[in-house]
Amino acid sequence: MARHLRPVADDGSDQLDAPLRDIVGKGGPVLEKTRGIRTVGQLLDWLPRSYLDASRPVAFRELPHGEDVVVVGTVVSARTLQMRNRRGRRLVADVSDDAGGVIQLTFFKPWGHEERLRPGAKVVCSGQIGHWRDTLQLTHPDYAVLSAAGSGSGQWLLDGLVPVYTATKGLSPIVHGDSLDLVLHQLQELPDPLPEEVRSSVGLPGLLEAYRLVHRPRTEADHRRGRWRLAFQEAFVVQAQLARARRSADAVPAVPRVAREDGLPHALRQRLPFALTDGQEEVLAEILGDLAREVPMHRLLQGEVGSGKTVLALLAMLAVVEAGGQAALLAPTEVLAAQHHRSMTMLLGPLAEAGMLGGAAEGTRLALLTGSQSTADRREALLDAASGAAGIVVGTHALIQDHVQFADLGMVVVDEQHRFGVEQRDALRAKARAGSSPHVLVMTATPIPRTVAMTVFGDMEISTLRELPQGRRPISSFVVQAERSGWVRRTWERVAEEVRGGGQAYVVCPRIGEVDDADLPGSAQEGPGLPIPPTDQARSAGEDGADLLEVAAAGAGSGIPSLHGVHQVARSLRELAATRDLRIEVLHGRMPAEDKDAVMQAYAAGRVDVLVSTTVIEVGVDVPDATTMVVLDADRFGISQLHQLRGRVGRGGRSGLCLLMTQGQDPEGVARLEQVAATTDGFELARLDLETRQEGDVLGATQSGGRRTLRFLRLARDEDLIVAAHEAAWRTVEADPELAGHPALAAELDRLDQARAAFLERG
Ligand code: ADP
Ligand code: MG
């Protein structure tokens, strides 16, 4: 029976960390083995999935067959029978629900049960409900006899709402419920990370009370109140963490960088072939305002693909250069780094040729630093960064390495920030002059719903570009189901037509093929094989251009796990009548950097018509003549990813076309693609994405800088709560930065820091 909680600290703070074993007796080892639950806190944090109303018990005959159930009833008869064909006896007890329904409990080893299951005994039983002939049965159920005295095992089933937890093999709901009872009865008031004034102003119960409301509610309102409080605490703690991080970042001042009115940014604007949109002007003003301050900028710039973020970043970097500093732009891939370097060099023209013949006197220089450069190129880039000769250094992760130094790093731009972790951003920040912080601008083309922004980027100001520059043409999107051979044929004909009309096409595949592609998205471990076989099973090219689609039909039912691979698709397209005259190249992450760069440049220059690639082109790649995007096995990609891919086309003056091909049979998957096809509003898609994904995926291990799993919060649902928690937490930290008056909150934040440090070490 119940033992006593270990001695607690004066403030009761170690109660939640107390080992469960010591408190709940036999339930302890079972909970540990089945769910990995070792502490009181872990037990309490496993919340019910739903509730049943014990005052309105389900009649037995309505119980769902084959499912795990918990029932309460009275033993009406019990008898031990000799088995006919085998040696041994069996115990059969009939339990009635007092509404005419009867369940038969059967035990093939009656020993020990006969004394307990006497007629008249009130029992709770749990097990998988089955039936034999017309009789409902529970075979070897787990059960407890309720004592008349109203205490002991299973009593919690008898009043209020009965909590139902995710069924767990090997764990009896009765043992689990009894364990919770022991814990809830013995806990003393818990130290509360939520400050008293926050609790009373929002109207929240205390922590222990919240656990009671959730696990032992009397009414629906009870458990909702308890859950809301737990979710609020979670959001509050996250926000307090962000608020403190922001405070400590702000503590190291930045050098204000104010550009002259007629300086470099002005010179670039004179050269641009377009005028900035109103939205761009607004955001630029925000950024320049930040740069002029001594508080380091922490700004997130989000905007649709093609909304013109890069040119703003360039103008801001020039302002820093103009004011005597340097700027670094961190890109997630070599393709993107090279492209930024190329397009910025082009936009800047003579402004990027300082010290060179014909260069503008007031200009600067650009350096490119990537991991795969030749030693000579790298040495030159490193030198230019360290000497300050390069005002702007563009690079990949190579920028972060220890030996990379800057003369005076004033600003860091992180492009497509979701590809980086907080640690990488911090490593780059540390390269500013001792005692100063650089200004930081992070950019993302993945629109972020407000709740995610507050939870992940709550320590940053946010700027949003909502409109695309004038003249951007709309993109039409269609779902192409692979079993409709006519549609598939049209797809490739359309590609050829676009090319003949002066456009270019991307064909994106989920894997490379012909090499070990286990680490690509959508690779084999993700589920059953798709019905289209690899295209290299195609017969040699026919005359009517129907090969790719005939292959599709032929492969149906073959059961071969077969996602389209870059190499096979390129080969098939080179053979297909409709496309064989086109200039087709492949691009994927396993190619040597020079090859990738050469292919990208050839494509950008219009010397390639069709680029068959993996998602290496997902982010940022900007080729104005690309008009068509075909995504094969589109159901294997996430909503945001498809949106990103689609953003690669329609960037010039021509309208874009996006064809999402799928062999998937799953109606939900097809519906998801239809949703992507139906709107190009990135915010709408981000919201959809949020609803269909797990919180963990949304935050991502890298985005949150360590594994910040949300247990109670639902980002798609809890907007009001997150906003309220944000305000309360920032107010609390502002009023008491050291949290001297809030020891429980400080302890909770320390605990999270330690967990994060441990996670990073394991890394
Ligand atoms: P993002 O980085 O947000 O995806 P980019 O900065 O790459 O977008 O811009 C996409 C394209 O649009 C580039 O070719 C860029 O030069 C061009 N562009 C940017 N701003 C404007 C504007 N105001 N008017 C016309 N074209 C623009
Ligand atoms: Mg970009």
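Residues take their numbers from the sequence shown, with the count starting at 1. When a ligand or atom number is given, it counts from 1 through the structure's own listing order. These numbers were taken from a predicted model, which means no experiment stands behind them.
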Below 4.0 angstrom from a heavy atom of Ala275, which ligand 1 atoms are there? Numbered from 1 as shown, please.
22 (C), 23 (N), 24 (N)

Could you tell me which atoms of ligand 1, counted from 1 in the order shown, lie closer than 4.0 angstrom to a heavy atom of Thr277?
23 (N)

Would you tell me whether Thr627 and Gln504 have side-chain atoms, one donor and one acceptor, within less than 3.5 Å of each other?
no

Under 3.5 Å, is there a donor on one side chain and an acceptor on the other for Asp415 and His340?
yes

Would you say Ser307 touches ligand 1, if touching means a heavy atom closer than 4.0 Å?
yes

Tell me the nearest of Gly279, Gly308, Pro273 to atom 9 (O) of ligand 1, using heavy-atom distances.
Gly308

Checking heavy-atom distances from atom 3 (O) of ligand 1 to each of Gln644, Glu467, Met443, Lys309, the winner is Lys309

Thr310 contact mode with ligand 1 (heavy-atom cut-off under 4.0 Å)
both

Tell me if the centroids of the rings in His567 and His588 come within less than 6.0 Å of each other.
yes

Roughly how far apart are Ile462 CD1 and Met454 CE, rounded to 0.5 Å?
8.5 Å

Only one of Arg246, Arg293, Arg299 passes salt bridge (Lys or Arg N to Asp or Glu O under 4.0 Å) with Glu461; say which it is.
Arg246

